[in-house]
Amino acid sequence: MKNILKQKTLIAAIAAISVLIIASSFIKRSPVKPPVDDLQGTINISGAFALYPITVKWASEFKKLHPKVVFNISAGGAGKGITDALSGLVDIGLASRDIDPAEIKKGAYTIYVTKDAVVPTFNTGNPDAAQLLAKGVKREQFLDIFVNGTIKNWNQLGGKVAAPLHIYTRSDAAGAGETWAKFLGKKQEDLLGVGVYGDPGLAQAVKKDPVGIGYNNLAYLYDLTTRKQVAGVHALPIDVNGNGKIDANENFYSTIDDLTAAIADGRYPSPPARNLGFLFKGKPKKKELVEFVKYVLADGQKFVEENGYIALSKAKIQEELKKVD
């Protein structure tokens, strides 16, 4: 009798193990599928060179989550982006300047997504480079260079070598040009110099001219791998307190991380530091647009600093999110 009971117990145990093995095998062969992503559509974007690189990054990361969403992104200057958005040619205009009342009347609706700055530039082959880096340039001197035209030679900035000063500016309606002019209390059309199209073009013009001076957005002055300034064209330090030298708390240009930290805590003046935004014609309603904006203001902020921009504060993010709710 005991042997029979033992046999029945053994058979039951073997049966239970078999059921577990079969169930386990079934689970491995039938994985749980993730929910289907139904977000789709096309998002057309144009505008500021300043905002273009990080927008491309955001779009690439967003597509990993929503493969059916298609992006068409082009640079061309803030003026073009704003015009394109207000005329309905694109869904988002990349804006790197203040929006004027006439544009607001046409329906301009801006959601700010990050922050950066415009930086004055010069060629590192300049014969007075060492003196310029040590002394910097005062705001009033930049005004006399770019607007009044009374400073025409590098030795007027305290250098030892007489060399003509060649000014380069943006030929396109640009947030960088408008922001740099605003720092000087003027408008972009007041700026002197040879007009050059686009941020990359302006950086290249100064890089080719040993006595050139210009201005650029951060993304075109620093190598994002080394975090250091690119060869040939460097930031021309601003003597913020006007004491004729670059003090320790003004010396923040060696890496992009040092400069963005100075922008974030206010040591670098605003302007030329400024907010960057997505501009729409009216409040965005298309699902793919709303979800993209929400992504940029949430998970997208983690890509901001590594790409040379300044992340928005938590309070600012909440303020901007309300614009799409």
Side-chain angles (χ1 to χ4, degrees), residues 32-75 78 81-82 85 90-99 107-117 175 217-219 222 224 227 256-257 259-266 270 273-325:
V32 177
K33 294 182 179 180
V36 176
D37 174 35
D38 61 352
L39 190 65
Q40 56 185 316
T42 299
I43 298 176
N44 297 308
I45 304 172
S46 75
F49 284 92
L51 198 46
Y52 174 79
I54 187 62
T55 302
V56 171
K57 176 64 176 178
W58 282 328
S60 175
E61 295 298 326
F62 188 75
K63 274 188 67 67
K64 293 177 183 178
L65 302 174
H66 306 288
K68 295 180 183 178
V69 176
V70 177
F71 286 90
N72 297 312
I73 308 174
S74 64
I82 292 169
V90 300
D91 301 293
I92 301 174
L94 303 180
S96 58
R97 63 164 173 79
D98 294 337
I99 309 305
Y109 188 90
T110 306
I111 299 173
Y112 293 106
V113 291
T114 188
K115 186 175 182 178
D116 82 337
N217 297 301
L218 300 188
Y222 289 85
L224 294 179
R227 316 301 288 175
I256 195 167
D257 302 299
L259 182 49
T260 53
I263 295 166
D265 65 24
S270 179
R274 52 23 188 328
N275 290 317
L276 303 174
F278 288 171
L279 184 139
F280 304 85
K281 186 174 183 179
K283 184 177 180 178
K285 297 179 179 179
K286 289 167 59 176
K287 185 177 180 181
E288 61 270 27
L289 285 178
V290 172
E291 292 304 314
F292 180 55
V293 171
K294 287 183 176 180
Y295 169 81
V296 165
L297 290 171
D299 290 347
Q301 292 294 300
K302 68 186 178 186
F303 302 109
V304 166
E305 292 183 2
E306 67 187 51
N307 285 280
Y309 298 82
I310 295 91
L312 299 179
S313 67
K314 291 182 180 179
K316 184 65 174 175
I317 289 172
Q318 291 305 312
E319 179 184 335
E320 299 307 305
L321 280 171
K322 290 178 182 178
K323 295 180 181 179
V324 290
D325 287 337

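Here, residue 1 is the first one in the sequence, and each next residue gets the next number. All values derive from a computational prediction rather than experimental measurement.
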Verdict with supporting geometry, Ile43 and Val70, side chain to side chain contact (heavy atoms under 4.5 Å, CB included): CA-CA 6 Å; Ile43 298 176; Val70 177; over 6 Å; no
Evaluation steps, side chain to side chain contact (heavy atoms under 4.5 Å, CB included), between Lys294 and Val324: CA-CA 8 Å; Lys294 287 183 176 180; Val324 290; 4.1 Å; yes
Verdict with reasoning, Val293 to Ile111, per side chain to side chain contact (heavy atoms under 4.5 Å, CB included): CA-CA 8 Å; Val293 171; Ile111 299 173; 4.1 Å; yes
Side chain to side chain contact (heavy atoms under 4.5 Å, CB included) evaluation trace for Glu305 with Ile310: CA-CA 6 Å; Glu305 292 183 2; Ile310 295 91; over 6 Å; no
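Of all non-hydrogen atoms in Ala85 and Gly93, the two that sit nearest each other are CB-N, 3.7 Å. Of all non-hydrogen atoms in Leu224 and Gly308, the two that sit nearest each other are CD2-N, 4.1 Å. Minimum heavy-atom separation, Ala273 to Ala117: CA-CB, 3.6 Å. Minimum interatomic distance between Ser96 and Gly175 (heavy atoms only, all atoms of both residues): OG-CA, 3.1 Å.
Side-chain atoms of Ile45 and Val90, non-hydrogen and from C-beta on, never get closer than 4.5 Å to each other. Residues Ile82 and Arg97 are in side-chain contact: their nearest non-hydrogen atoms beyond the backbone lie under 4.5 Å apart. The shortest distance between side-chain heavy atoms of Ile92 and Phe292 falls below 4.5 Å. With contacts defined as side-chain heavy-atom distances shorter than 4.5 Å, the pair Lys68/Leu39 does not qualify. Counting only heavy atoms from C-beta outward, the side chains of Phe62 and Val69 approach each other to under 4.5 Å. By the 4.5 Å heavy-atom criterion applied to side chains, Lys63 and Phe71 are counted as neighbours.
A distance-only check finds no donor-acceptor pair linking the side chain of Gln301 to the backbone of Lys314 [under 3.5 Å]. A donor-acceptor pair is defined here as one N or O able to donate and one able to accept, closer than 3.5 Å; no such pair exists between the side chain of Lys57 and the backbone of Asn307. The backbone N or O of Tyr112 lies less than 3.5 Å from a partner atom in the side chain of Glu320, making a donor-acceptor pair. Judged by distance alone, with hydrogens and angles left aside, the side-chain atoms of Asp299 form no donor-acceptor pair with the main-chain N or O of Tyr295 at under 3.5 Å.
Glu61 CD: more than 12 foreign heavy atoms inside a 6.0 Å radius.
Taken from CG in Leu297 to CD1 in Ile317, the straight-line distance is 6.5 Å, to the nearest 0.5 Å. Separation of atoms CD (Glu306) and OG1 (Thr260) is listed at 12.0 Å; rounding is to 0.5 Å. For the atom pair Phe49 CZ and Ser74 OG, the distance stands at 9.0 Å (nearest 0.5 Å). Separating the CD atom in Gln40 from the NE2 atom in His66 is a distance of 12.0 Å, to the nearest 0.5 Å. A distance of 6.5 Å separates CG in Leu94 from OG in Ser46, rounded to the nearest 0.5 Å.
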Using residues 278-286 as the side-chain source, report each donor-acceptor pair under 3.5 Å to any protein atom, sequence neighbours left out, with the distance given to one decimal.
residue: Lys281; atom: NZ; partner: Leu86; partner atom: O; Å: 3.3
residue: Lys283; atom: NZ; partner: Asp325; partner atom: O; Å: 2.6
residue: Lys286; atom: NZ; partner: Asp91; partner atom: OD1; Å: 3.2

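The side-chain hydrogen bond (donor to acceptor under 3.5 Å, both in side chains) test applied to Arg274 returns Asp116, Thr179, Asn217, not counting sequence neighbours. Listed by chain and residue number, Leu51, Trp58, Leu276, Val304, Tyr309 satisfy the side chain to side chain contact (heavy atoms under 4.5 Å, CB included) test with Thr114 (two or more places apart in sequence, or in another chain).
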